[in-house]
Amino acid sequence: MRYFVTFFWTIILGHVVGYLGSSLMSATFHFQTSFVLSIIVATVIVVFSEVGTAGQTDTKAK
């Protein structure tokens, strides 16, 4: 479920950033390019989060 949420919000925020960036540069907004870049960024985020927490265990203070 956390992967779905990560991909969902990364796609939404990637489109917002792509739209704002294209507006600021007076360029045309390309939905496909924004979507592909968002998927790539989401994949990198998921991989880094898994690598970063690979050796940690879930310990809670009692």
Side-chain angles (χ1 to χ4, degrees):
M1 183 67 178
R2 67 179 172 166
Y3 298 125
F4 174 75
V5 172
T6 301
F7 278 99
F8 175 77
W9 282 108
T10 305
I11 290 170
I12 297 296
L13 294 174
H15 278 56
V16 169
V17 168
Y19 179 77
L20 291 175
S22 65
S23 293
L24 289 172
M25 296 187 329
S26 299
T28 57
F29 174 69
H30 297 286
F31 181 83
Q32 294 84 6
T33 305
S34 179
F35 185 77
V36 170
L37 289 175
S38 298
I39 292 296
I40 291 170
V41 169
T43 304
V44 169
I45 290 171
V46 168
V47 168
F48 280 159
S49 69
E50 289 299 317
V51 169
T53 60
Q56 297 178 355
T57 59
D58 188 23
T59 58
K60 294 183 181 181
K62 292 184 179 182

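Sequential numbering from 1 along the given sequence is applied to the chain's residues.
- Tested against F8, the residues T10, I12, T6, V5 include a single side chain to side chain contact (heavy atoms under 4.5 Å, CB included) partner, I12.
- A single hydrophobic cluster is not seen to contain both V47 and V44; linkage of ILVMFWY side chains at heavy-atom distances under 4.5 Å, directly or through other members, places them apart.
- Here the closest heavy-atom approach between residue G14 and residue S38 is recorded as CA-OG, 3.3 Å.
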When the side chains of residues 20-27 are checked against the rest of the protein, which donor-acceptor pairs come out under 3.5 Å, sequence neighbours left out?
residue	atom	partner	partner atom	Å
S22	OG	G18	O	3.2
S22	OG	Y19	O	2.9
S23	OG	Y19	O	3.0

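- Taking the ring-ring contact (aromatic ring centres under 6.0 Å, His included) definition, one finds that F4 meets it with nothing, sequence neighbours left out.
- Interatomic distance, CD1 of I45 versus CZ of F7, reported as 9.0 Å (0.5 Å rounding).
- Hydrophobic clustering (ILVMFWY, side-chain heavy atoms < 4.5 Å, transitive): I11 and V46 are in one cluster.
- Rounded to the nearest 0.5 angstrom, Q32 CD and L37 CG are separated by 11.5 Å.
- The hydrophobic cluster containing I39 does not contain F29, counting ILVMFWY residues as joined when their side-chain heavy atoms lie under 4.5 angstrom apart, directly or transitively.
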